[in-house]
Each structure stands twice: as structure tokens, then as C-alpha cells.
Undergrad: 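Here you go, one structure.
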There are 2 protein chains.
Amino acid sequence: MGGRITTDLIRGHTDTIILNILRQGDSYGYEIYKTIIALSGQQYELKEATLYSAFRRLEHDDLIASYWGDESQGGRRKYYRITEKGRENYEQNRKDWRFAKDILDKLIEGGLENVEK
Amino acid sequence: MGGRITTDLIRGHTDTIILNILRQGDSYGYEIYKTIIALSGQQYELKEATLYSAFRRLEHDDLIASYWGDESQGGRRKYYRITEKGRENYEQNRKDWRFAKDILDKLIEGGLENVEK
DNA sequence: CCCATCTACATTGACAGACATAGTAATATG
DNA sequence: CATATTACTATGTCTGTCAATGTAGATGGG
């Protein structure tokens with residue numbers, strides 16, 4: 001059996017997760033919500049409240065931009081598009097994640113044998 | 001060039017980090033503080049305020065226990081010892097970390113090609 | 001011997017992100 | 001026509017981290 005993903009394990013990664021999806025094409029709230037579940041192999045659900053507050057934060061910081069879709073054939077959809085600044089931010093976040101992963105491995109599983117105290 | 005470890009990337013891992021150190025032997029606040037810096041290769045500093053509030057939380061939850069060291073030769077030191085419950089908690093947290101790491105890799109770096117939308 | 005630095009522990013208040021909860025409204029389905 | 005699904009939003013709460021601050025003994029260089 002595997003483990004669980006708690007709130008704090010995901011914290012700080014939501015922006016990066018959203019940017020990763022948007023850098024591969026424009027999308028809207030509900031679709032992004034579903035995509036995250038699919039990407040995680042049904043193992044993680046980012047709550048809608050979290051998602052939409054992240055959209056506001058990202059838009060405020062000019063990492064994404066939004067526009068209303070064509071509403072002629074049905075319900076309104078607000079689409080999000082990643083900005084150039086957002087792409088740069090994503091690249092940095094990815095580096096940060098790889099870096100943090102290595103450090104966390106040492107901190108969580110590392111032995112103290114070769115660490116001077 | 002690497003990345004940076006922000007507050008949110010470490011959030012939720014401090015308890016596990018402390019338990020990893022204590023499962024390898026009793027220690028006290030300041031030594032644990034130094035050990036974390038050393039374990040991370042000087043890349044990460046867990047602030048003392050964070051550390052001491054974590055001690056309270058862990059002790060309250062019976063994951064660690066504390067005792068005052070021998071004060072005859074100098075300054076007082078409060079030592080911490082991991083409990084059996086703490087060891088079990090550590091093992092679960094380690095599993096959670098490995099699990100979360102895989103999911104996060106998919107969410108942060110994963111492509112949408114093979115994901116049904 | 002004095003002052004700075006290090007060791008060692010601790011508290012308080014502020015902040016930010018995630019989420020529970022609730023609500024609105026349109027479309028689709030049986 | 002009732003229910004589920006799609007789609008977006010607001011409000012308030014909780015928790016962990018950290019900045020700032022404080023106490024006090026030990027240590028070492030000038």
C-alpha cells in the first residue's frame with residue numbers, strides 16, 4: 001500500500017501544477033480540476049476553492065490571463081492562458097521542486113553517520 | 001544552478017525531519033537545529049521558532065518525549081527521545097513522502113498527451 | 001577583564017495557503 | 001420534472017512557519 005497526500009504535502013505546489021497544465025494549452029476551471037485528478041491517477045483532488053483562489057493569485061501576479069469563452073452553445077466558461085512571465089515562473093518552480101526533492105530525501109531518509117555533529 | 005527551498009516546499013515535513021533525526025538517537029533542540037543544516041548540506045535552515053513549536057506538537061501527540069539533561073557541568077539541555085508511536089508515525093510519513101513525490105512529479109512535470117480530458 | 005559571539009531554550013503575533021461550506025445558475029439525463 | 005453534472009464564486013476558519021524578541025550561561029580574542 002502506498003501513502004496519502006495531505007494538505008501540507010501539496011501546499012506551495014498548486015501554482016506550479018496549474019502552470020504545468022496551462023503551458024500545454026489554454027483551459028478552464030472545471031477542466032483543470034478534472035485534469036489534476038486524471039494526472040494524479042485519481043490519487044489527488046485539488047479542491048475547487050483552492051483552485052479558484054489560486055487563479056486569482058496567479059492572475060494578480062500576471063502569471064496567467066483569463067478570457068470568457070464563446071458562450072453561444074452553452075454555459076459560460078472562463079478560460080485561462082499562461083503568460084510569458086508564467087512560463088518563466090514555471091521553469092523556476094520546476095527547478096525548485098527538483099532541488100527541494102533532493103534535500104528532502106536527505107532530511108527525511110538520511111542517516112547521520114557521515115554528518116558531523 | 002539549483003533552486004531554492006521556500007517555506008511552502010518544506011511545510012508539513014518538519015515533523016518527519018525531526019523524527020528521522022531522533023530515531024537515530026536522542027538529541028536536543030540546538031543540536032537538532034544544527035543537524036538539519038548539516039543534513040541538507042547547508043542548503044536549508046529550519047528556524048528555531050518552527051523547531052520548538054514542532055517539539056510541542058510532537059510531544060503533545062506522544063510522538064516524542066523529553067527529559068532534562070545532566071546540568072552539573074554547564075547549561076541546561078532538554079533532550080528529546082522518539083516514542084514507539086513516533087517510530088510508527090515516521091514510517092508512515094516516509095511512505096507518504098515517497099508516494100507524494102511520485103504524484104507530484106506527475107502533476108508538476110507530467111504531460112497531458114495520455115490523459116483523457 | 002571586557003565585549004562579542006555562541007550555545008540553548010522559549011514566547012508572541014502576523015501571515016499565507018488550503019479547505020469546508022455555502023451559494024448561484026445553466027445544461028443534461030432519466 | 002427531479003436529479004446530477006458542469007461551472008464559477010465568496011466567506012470564514014485552521015494550521016504551520018517565521019520574524020521579532022527575550023533570557024541566560026559559556027567561551028574566546030584582544
Undergrad: Give the rounded distance in Å between these two atoms: OH of A:Y33 and C1' of D:dA7.
TA: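 Going from A:Y33 (OH) to D:dA7 (C1'), I get 12 Å.
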Undergrad: For B:Y28, report the nucleic acid contact type (base, sugar-phosphate, nothing); a contact means any heavy atom under 4.0 Å.
TA: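 Answer is sugar-phosphate: B:Y28 comes under 4.0 Å of backbone atoms only.
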Undergrad: Distance check needed: C:dA18 P versus A:L46 CG, whole Å only.
TA: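 So the CG-P distance, A:L46 to C:dA18, works out to 8 Å.
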Undergrad: Take A:D26 and A:R81 through the test salt bridge (charged side-chain N to carboxylate O under 4.0 Å, His left out) and record every step on the way to the result.
TA: CA-CA 5 Å; A:D26 293 6; A:R81 169 179 67 73; 5.3 Å; no
Undergrad: Going by ring pair (Phe, Tyr, Trp, His ring centres under 6.0 Å), name the residues that satisfy it together with B:F55, two or more places apart in sequence or in a different chain.
TA: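 In terms of ring pair (Phe, Tyr, Trp, His ring centres under 6.0 Å), with neighbours along the sequence ignored, B:F55 is linked to B:Y52, B:Y80.
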Undergrad: To the nearest Å, how far apart are B:R11 CZ and C:dC19 P?
TA: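 Taking CZ of B:R11 and P of C:dC19, I get 11 Å after rounding.
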Undergrad: Nearest whole angstrom, please: distance from the P of D:dG16 to the NE2 of B:H60.
TA: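 That distance rounds to 12 Å.
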Undergrad: Which whole-number value in Å describes the distance from B:E45 CD to D:dT17 C1'?
TA: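 Interatomic distance, CD of B:E45 to C1' of D:dT17: 13 Å.
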Undergrad: Just to confirm, is there a sub-4.0 Å distance from OP1 or OP2 of C:dT11 to any side-chain nitrogen or oxygen of B:R56?
TA: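 Affirmative; the distance criterion is met.
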Undergrad: Give a yes or no on whether a salt bridge exists between B:E91 and B:R94, defined as a side-chain N under 4.0 angstrom from a carboxylate O.
TA: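 Salt bridge present between B:E91 and B:R94.
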Undergrad: Would you kindly give the CD-to-P distance between B:E31 and C:dC6, to the nearest whole Å?
TA: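 Nearest whole value for this atom pair: 18 Å.
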Undergrad: What contact category does B:S53 fall into here, base, sugar-phosphate, or nothing, at under 4.0 angstrom with non-hydrogen atoms?
TA: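 If one applies the 4.0 Å heavy-atom cut-off, B:S53 turns out to touch a base.
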Undergrad: Among the candidates C:dC19, C:dT7, D:dT9, find the nucleotide nearest to the side-chain atoms of A:K47.
TA: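 Looking only at heavy atoms from C-beta outward on A:K47, the closest nucleotide is C:dC19.
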Undergrad: Between A:D8 and A:A49, which is nearer to the 5' end of DNA chain D once each is assigned its nearest nucleotide?
TA: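 So the residue in question is A:A49.
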Undergrad: Taking only N and O in the side chain of B:R76, is any of them less than 4.0 Å away from OP1 or OP2 of C:dA10?
TA: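 B:R76 to C:dA10 OP1/OP2: no side-chain N or O under 4.0 Å.
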Undergrad: How would you label the contact of A:T50 with the nucleic acid (heavy atoms, under 4.0 Å): base, sugar-phosphate, or nothing?
TA: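 Touches a base.
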Undergrad: Rounding to a whole Å, what distance do you find between B:Y52:OH and D:dT23:C1'?
TA: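 Atom OH in B:Y52 sits about 13 Å away from atom C1' in D:dT23.
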Undergrad: A:L107 and side-chain contact (heavy atoms from CB on, under 4.5 Å): which partner among B:I18, B:T14, B:I17?
TA: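 Of the listed options, the one satisfying the test is B:I17.
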Undergrad: Would you say A:R77 reaches C:dA26's phosphate, i.e. side-chain N/O to OP1/OP2 under 4.0 Å?
TA: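 No, A:R77 has no side-chain N/O under 4.0 Å of OP1/OP2 on C:dA26.
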Undergrad: To the side chain of A:K34, which of C:dA8, D:dT9, D:dT6 is closest?
TA: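 Comparing C:dA8, D:dT9, D:dT6 against the side chain of A:K34, the answer is D:dT6.
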Undergrad: Rounded to the nearest Å, what distance is computed from the OH atom of residue A:Y80 to the P atom of nucleotide D:dA7?
TA: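 Distance, rounded to whole Å: 13 Å.
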Undergrad: Give the nucleotide from the list C:dC6, D:dT6, C:dA18 with an atom nearest to the side chain of A:T7.
TA: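 For A:T7, the side-chain atoms sit closest to C:dA18.
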Undergrad: Parallel, tilted or perpendicular: which one describes the rings of A:Y79 and A:Y67, with boundaries at 30° and 60°?
TA: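 The arrangement is parallel - the two ring planes meet at less than 30°.
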Undergrad: Of all the choices, D:dT5, C:dA18, C:dA10, which nucleotide is nearest to the side chain of A:T14 once you look at every atom?
TA: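 Of D:dT5, C:dA18, C:dA10, C:dA18 is nearest to the side chain of A:T14.
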